[in-house]
Number of protein chains: 2
Amino acid sequence: MSTPGTAQLAPRARVVELLERRGVTATQQRVEVGQVLFACPQHLSADQILERVLAMGARVSKATVYNTLNLFSERGLVRTLSIDGDRQFYDPTTAPHHHFYNVDTGELIDIPADALALASLPAPPAGTAHERIDVIIRVRSS
Amino acid sequence: MSTPGTAQLAPRARVVELLERRGVTATQQRVEVGQVLFACPQHLSADQILERVLAMGARVSKATVYNTLNLFSERGLVRTLSIDGDRQFYDPTTAPHHHFYNVDTGELIDIPADALALASLPAPPAGTAHERIDVIIRVRSS
DNA sequence: CACAAGGATGAGAATTGTTCTCATTCCATC
DNA sequence: GATGGAATGAGAACAATTCTCATCCTTGTG
Ligand SMILES: [Mn+2]
Ligand SMILES: [Mn+2]
Ligand SMILES: [Zn+2]
Ligand SMILES: [Zn+2]
């Protein structure tokens, strides 16, 4: 039994703490975006985040949602996923992990880092250093 | 000593054969796109392909380049890569392999499938079947 | 507790990669 | 050489994202 229009949200206090730990000023809108984004492990588009923030009764603009997500991404509060050419998804789980992507439904499912062994990693090209590894396992509904 | 404006191209006959093997009618424009795309292992955007086809003196439109790349992609002649939210890259190497992506320069480098061991693959979610695995190793210029 | 000063916000325009429309052109087949 | 269906292309349309810049907040200061 869920109250319509009242999705689960991360508590403001927890969001404020997360932002301040990364040196991000905890403004009204950033906290509201964070309450939606950090509610649970999930993968949301900018549009979905905007919808949900508006649904919780807050007032935010599209520009601020994008500003905020880009800032969160720079500060390591969110991971940006590009799985197709359409839109990006924002992933509150920043620890290393991977994804199943259902090409038919668009669904994204987390794969814990330790559920997938990457052996014999090739050395990065000369003059470069590893930053992060993304594994996307594309699946079809069968 | 390279002749300016005359980049290396795949021979028309080879391209025609590739297309016909996949049941794709070998029209003038499709063959020209193929000559650019199948010239060597590489990763080009639609715009780069258009530029190069025009540079070889052929007449093609943007719409046809996109039509052709989407058709090639459906027929398994090219693999589409989404590495950031900006544009897609088209990869003539359709056999399984992976990529280094230099986030500073935008450079994409192939990693042969056998240079990277993926052990203990998790089972696909119920009701789905593996389609393909993409590993992208993001690196920074250091 | 006013009060700057700089940072954040937002309405809407701009940008850009990609798709769509549909009239025209091409091509395989007869 | 005709012809019917597929392919092409100019340009409009779309959609995700960014930009502009006037207005609004925050935060520290007096
Ligand atoms: Mn971006
Ligand atoms: Mn596409
Ligand atoms: Zn995830
Ligand atoms: Zn490749």
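What you see is a predicted model; the values in this text were computed from it and never measured. Each chain gets a letter, A, B and so on, in the order the sequences are listed, and its residues count up from 1. Side chains are part of it too, since the values below use all heavy atoms of this structure and drop only hydrogens, waters and symmetry mates.
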Quiz item: Any ion pair linking Arg79(B) and Asp134(B) (charged N to carboxylate O, less than 4.0 Å)?
Solution: yes
Quiz item: Which residue pairs satisfy the ring pair (Phe, Tyr, Trp, His ring centres under 6.0 Å) criterion with at least one member in residues 121-142 of chain A, sequence neighbours excluded?
Solution: none
Exercise. Please report, rounded to the nearest Å, how far the C1' atom of dT18(C) is from the CG atom of Leu44(B).
Key: 17 Å
Quiz item: Roughly how many Å is it from CG in Leu50(B) to P in dT16(C), rounded to a whole number?
Solution: 16 Å
Exercise. Return the value, rounded to whole Å, for the distance between atom CG of Asp86(B) and atom P of dG17(C).
Key: 8 Å
Quiz item: What is the distance, rounded to the nearest whole Å, between atom CD1 of Ile49(A) and atom P of dA16(D)?
Solution: 14 Å
Quiz item: OP1 or OP2 of dT18(C) sitting under 4.0 Å from any side-chain N/O of Asn70(B)?
Solution: no
Quiz item: OP1, OP2 of dT18(D) versus side-chain N and O of Tyr66(A): anything below 4.0 Å?
Solution: no
Quiz item: Over how many whole Å does the gap from Leu19(A) atom CG to dT27(D) atom P extend?
Solution: 12 Å
Quiz item: Among all residues two or more places apart in sequence or in another chain, which pass the side chain to side chain donor-acceptor pair (under 3.5 Å) test with Glu51(B)?
Solution: none
Quiz item: Mind checking what makes side-chain contact (heavy atoms from CB on, under 4.5 Å) contact with Ala10(A), not counting sequence neighbours?
Solution: Arg14(A), Val15(A), Phe38(A)
Practice problem: Sort and list the pairs that fulfil side chain to side chain donor-acceptor pair (under 3.5 Å) and have at least one residue in residues 109-118 of chain B, not counting sequence neighbours. | Solution: His43(B)-Asp110(B), His97(B)-Asp110(B), His99(B)-Asp110(B)
Quiz prompt | Protein-to-nucleotide contact annotation, 5' to 3' order, nucleotides 7-12 of chain C [B base; S sugar-phosphate only; - none; under 4.0 Å, heavy atom] | solution = -SSBB-
Self-check item: Rounded distance (Å) that lies between atom P of dT18(D) and atom CG of Asp47(A)
Solution: 13 Å
Practice problem: Would you please name every residue forming a side chain to side chain donor-acceptor pair (under 3.5 Å) with Arg22(B), sequence neighbours left out? | Solution: none
Exercise. Rounded off to whole Å, could you give me the CG-to-P distance for the Leu81(B) and dG17(C) pair?
Key: 17 Å
Quiz item: Expressed in angstrom and rounded to an integer, what is the separation of Leu69(A) atom CG from dA16(D) atom P?
Solution: 14 Å
